[in-house]
Amino acid sequence: MKSEKTMKGENTMIKKPGFRRIFTCILTVLMLMVLVTGCGNSTTPGTDVPQTNTNDPADTPDKQEKPAEIVMALCADNSPRTADAPLIEDAINDITLDKINTKVSLQLFPYSSYDQQITLMLSGNEPLDLIFVNNSNYSSYVSRNQLIELDDLIDQYGSGIREALGDYLDATAIDGKLYIVPTIRDLAKCYAVNMRKDLTDKYNIDTNAIKDIYDLTPVLKKVKEGEGENFYPLVTAASGRSILSYYVTYDPLGDAIGVLLNDGLDNTNVVLYEETEEYRDLVKLVHDWYEAGYIMRDITTTQEGYSSLLKAGKGYAYLNGAKAGYAEQATRNVGAPILTLPLTPYIANTASVTQVNWGISVTSKAPDAATKYLNLMYSDKDLVTLLCWGIEDKHYKIYEDGFAYYPEGVDVDSSGWTLNMGYAMGNQFLSPLWRGEQPDLWEQMKNDNETAGRSKALGFTFNSESVKTELAAVNSVRSQYRMLIECGLSDPDSGIIEEYVAKMKEAGVDKILAEKQAQLDAWLANK
Amino acid sequence: MMLNSSKANKSSKSLMRRFPIYLMMAPGLIYLLFNNYIPIAGLAIAFKDIDFRKGILKSDWIGYKNFEYLFKTKDALIITRNTLLYNAAFILLGIVFGVITALLLNEVSSKRLLKFFQTTILSPQLVSWIVVSYFVYALLSIDKGMINNRILPLLGIKEISWYTEPKYWPFIITIMQIWKTIGFNSIIYLATIVGISSDYYEAATLDGATRNQQIIHITLPLLVPTIITLFLIHVGRIFYADFGLFFQVPMNSGALFSTTNVIDTYVYRALLQIGDIGMSAAAGFYQSIVGFILIIISNLIIRKFNKENALF
C-alpha cells in the first residue's frame, strides 16, 4: 500500500512540469484566439465599407454616389407568415435605391425579445438604424440615450413626416427635443365594452342605454341568468391584465403611477389614482360583479384571453381600448360578430400618441438616409403598401371594390407576408384597406384624431431615471395587489386598498409623484 | 545531468501521450473561458449608470445605487427568507430522497424493471416548468381543478381557493421541486453506489452482515464524498431561485407572494417595465456574492471535520 502511494507521488512530481507547460500552451492559444477575435471585431467596420463599395456600382451604375446602407429592425416573428421578408427587402430597395439612393436591410426580431435584441445590438455597436419604439419603453430608451435627436433631421429631410402628423409630432418631444416619430393610426383612443352580437340580440339588450361602466351591471346580470352557471359574462381582454386596466378615465402620465384625473382635461395635479374615491367605487363595482359570478373565479390565473373564451362560448363581453374599426378587428379574432360600445370619450394623451413609433439608433452610421427613408414611410404610397400588404399580385390584390385581399389561391398561411402591422408602417392611411374593413375607416380615424379631447399633459413624457429605485419597488408592490383588487377578488371594504396604498408609500411612491409633478410643472412652464 | 535529461524526456513523452486528452479538454475550457470567465468583467455594470451614448466602459460610476431597490421595502426580508429557506429545504430533502431512491433502485435486480423505474422518475426532469405549471393548474384550478372537483368532495372538505391561499404553497412548491429533481439526483448517487467495489460486500456477507448493515456501514459511508460534492454545488446556488418553479407554477398570483416571492421573481417583476441593465446586474452580483461566501464557509466547515471530502 505504502509503496504504491509514494510511487504515485513521484509520478505526479514528474508530470507536473509537463502539465504546466501544456497549461501555458493552452492559455497562450486561448489568449491568441481572444486577440484575434478581438481584432476581428474592431476591424470589421473598416473592412465592410470597401466591400460594399465594390458591390454597389454594379447595382446602380448611373448613380455617382455610393448608396447609404441602413438597417430597419422590425418587431415581428420569424414565421411562415413573414417568410417572404427577403423578397420584400428587395422590393423596398427597388424603391429606395431609386428615390433616396439608400439600401435598406430588413431585420425581424420577435416581439417577446425585441428589446433585448436591440439592447444587445446597441451594446455590441452593431449596425442598426430604425428602431421600433412603443410607449412602454420610449422613456427608458431616451433616458439611456439609445436614440438620437431628430429635430434637425426632420427639418431637413422629413417634410412628409411633418405634413402627415401635424402637431401630433411635437407631442412626443422630451425636453423639447424629438426622439421618435409616431406612426399614423388611432392617435386618440377610448375605452369600450365589446360584446357578442348574437347574445346581445338574444337577450334584447338595449345598447343605447349603455353609456358608462356602471350601466353594464343589468346587462351582465341578464346574460348570466340566461346562460347559467358555467358562463362568465365578463372576461379580461388579455390574461395577466386586470379588468380595470381596460377602463381608464385618467391620463396615465406614462406608467399610471401618479395620474391626472378626468383624462387630464381639467387640471394638472398629479394624484395617486388608487387613493381616489373613483378607484374605490370601480373596485366595489367589479367586486360586486365577481361575487355575483359575472367574472370567472380564476381570472387572476387563467391563461385565456378574450378571443378564446368568446370563441368557446364561455364569455360574453370584455373591456378594451378601442378605436374606429375595432369591432371589425375583434370580429376577425373571435370569429363571431362583435359590437363595440364606447364607455369613455376619445382622448389623445402622450401614451396614446406614442403607442407605436420609430426612432433612430444612436449607433446609426447614416442618420440622414434613415430619416429620408422614414420620410418615405410617411409619404410614399408604394412603400407603405409594400410594407403593409406585400407585393401586388403575390401577397395581395386590389379587387374591383377597391379593397385589398389575398390573390386567388393564397391565404393567411401561404402568403409569406401577412404581418397585419399596418399601424407600424408609417402612414398607413396611404395604403389600401383590407377586405372586411369599413370603407371610410381612414376618414373615421382621421376625424377621431382631430376631434378628440386632448389631455393638458399631451406631449409630456416622464423621465423616471432619478426615481428608478422607488419605481422598481413600487412596480413590485403593484404586481402583488393589482390583479387581486382590480379583478374584484378583494372586497374594498376589507381595507385591502388602504393596505395597497400603504405598501406603495412605503416603497416610495410619494417621491415618484413629487418628481412627476415637478417635471410636469417645469414642462408646462416651458410650453 | 543524466537524471535531468531523462526527466525531461519522460515529461515530453507523457505530454505527447496526453496531448489528445488535453485536446479533448480544450473545447470545454474554451467554453468556460468565454461563457464563465470573460463575462465576469461585466459585473462592473452593476455599479454603473448605463448610457449608450457613452458606451458601457465610459458610463458613469454610481456606487451602490443600483442595489438600493433590492432592499427598499420590507419585502426584502420576505424575499431573502423565502429564497434561503426554500433552497435549504430543497438541498436537504433532495439529498435524503435522492439517496433513499438510489438505495432502492440499487436493490432492484431485474434489469428491465430498473430501466422502467429510472425512466419514470427521470422523466419529470425533462418537462419544462411551464408544462408542469399547467399540470398543477389542472389539479388546483378553483372551478375545473381535479382536487376541488373530485377529491375534496369525497373527503367532505369544502373547496379551497388554492391560488389565493399562501399557506399551502410552501408544501406544493417543495413537493413539485422534489418530484422534478429526484430522478437526476438519485442517478448520481446510484452511479456512485454501482461503482463501489463488490469486494466490500462479499467480505461483509462472509462476516454475516445483513443487507441493512451493509447499507449503513458500507454504502452510506462511501456515498459521503458524492453527497458533500453535490451539497457544496447546491449551496453555491442557494441564493438563486428556480424562476420557472416560483413564477410559472403559482401562475404569478399576487395573493401568494408572501410564500412564493423569491429574489429572482422580485427582480423580474420590479424591472419588467424599467428594463435597467445596471439594476439587474446588481441583483445578479448580489446573488453570486452570497453564494460565493456560503460556498467558502461550508467548505471551511467540511474541511475542519473531514479534510479529504472538502472540495478545495
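Side chains are part of it too, since the values below use all heavy atoms of this structure and drop only hydrogens, waters and symmetry mates. Order of the sequence lines fixes the chain letters, A, B, ..., with proteins taken first and strands second; residue numbering starts at 1 for each chain.
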The criterion is salt bridge (Lys or Arg N to Asp or Glu O under 4.0 Å); which residues satisfy it with Arg144(A), sequence neighbours excluded? none
Across all chains, not counting sequence neighbours, the salt bridge (Lys or Arg N to Asp or Glu O under 4.0 Å) partners of Lys54(B) are Asp60(B)
I need the single residue from Leu147(A), Ile131(A), Ile148(A) that forms a side chain to side chain contact (heavy atoms under 4.5 Å, CB included) with Ser361(A). Which is it? Ile131(A)
Winner by heavy-atom pair count (cut-off under 4.5 Å) against chain B, out of [options]:
options	result
Thr119(A), Asn125(A), Asn137(A), Asp255(A)	Thr119(A)
Asn230(A), Thr300(A), Leu489(A), Leu484(A)	Leu484(A)
Arg482(A), Gln303(A), Arg478(A), Met483(A)	Gln303(A)
Ala473(A), Ser479(A), Ser490(A)	Ser479(A)

Please classify the contact between Phe67(B) and chain A as side chain, backbone, both or neither, with a heavy-atom cut-off of under 4.5 Å. neither
Which bit of Tyr268(B) is near chain A, if near means a heavy-atom gap under 4.5 Å: side chain, backbone, both or neither? neither
Under 6.0 Å from the six-membered ring centre of Phe462(A) and within 45° of its axis: does the NZ or CZ of Lys516(A) meet both? yes
Within residues 160-170 of chain B, which residues come under 4.5 Å of chain A, heavy atom to heavy atom? Tyr163(B), Thr164(B)
Check the orientation of Phe243(B) and Phe247(B). Use parallel for under 30°, tilted for 30 to 60°, and perpendicular for over 60°. parallel
For a ring pair (Phe, Tyr, Trp, His ring centres under 6.0 Å) with Phe239(B), tell me which candidate from Tyr86(B), Tyr286(B), Phe285(B) qualifies. Tyr286(B)
Per-residue contact mode, [X] against chain B (heavy atom under 4.5 angstrom):
X	value
Gln116(A)	neither
Ile485(A)	neither
Ser464(A)	neither

Rounded to the nearest 0.5 Å, what's the gap from CG on Asp298(A) to OG1 on Thr302(A)? Could you check? 5.5 Å
From Ile512(A) atom CD1 to Leu253(A) atom CG, the distance as rounded to the nearest 0.5 Å: 12.5 Å
Of Ile277(B), Asp276(B), Leu271(B), the largest count of non-hydrogen pairs under 4.5 angstrom with chain A goes to Asp276(B)
Are any of the side-chain heavy atoms of Gln287(B) and Asp264(B) separated by less than 4.5 Å? yes
Taking the side chain as C-beta and beyond, is there a heavy-atom pair between Thr236(A) and Cys487(A) under 4.5 Å? no
Pairs satisfying side chain to side chain donor-acceptor pair (under 3.5 Å), at least one member in residues 250-259 of chain B, at least two apart: Asn252(B)-Arg269(B)
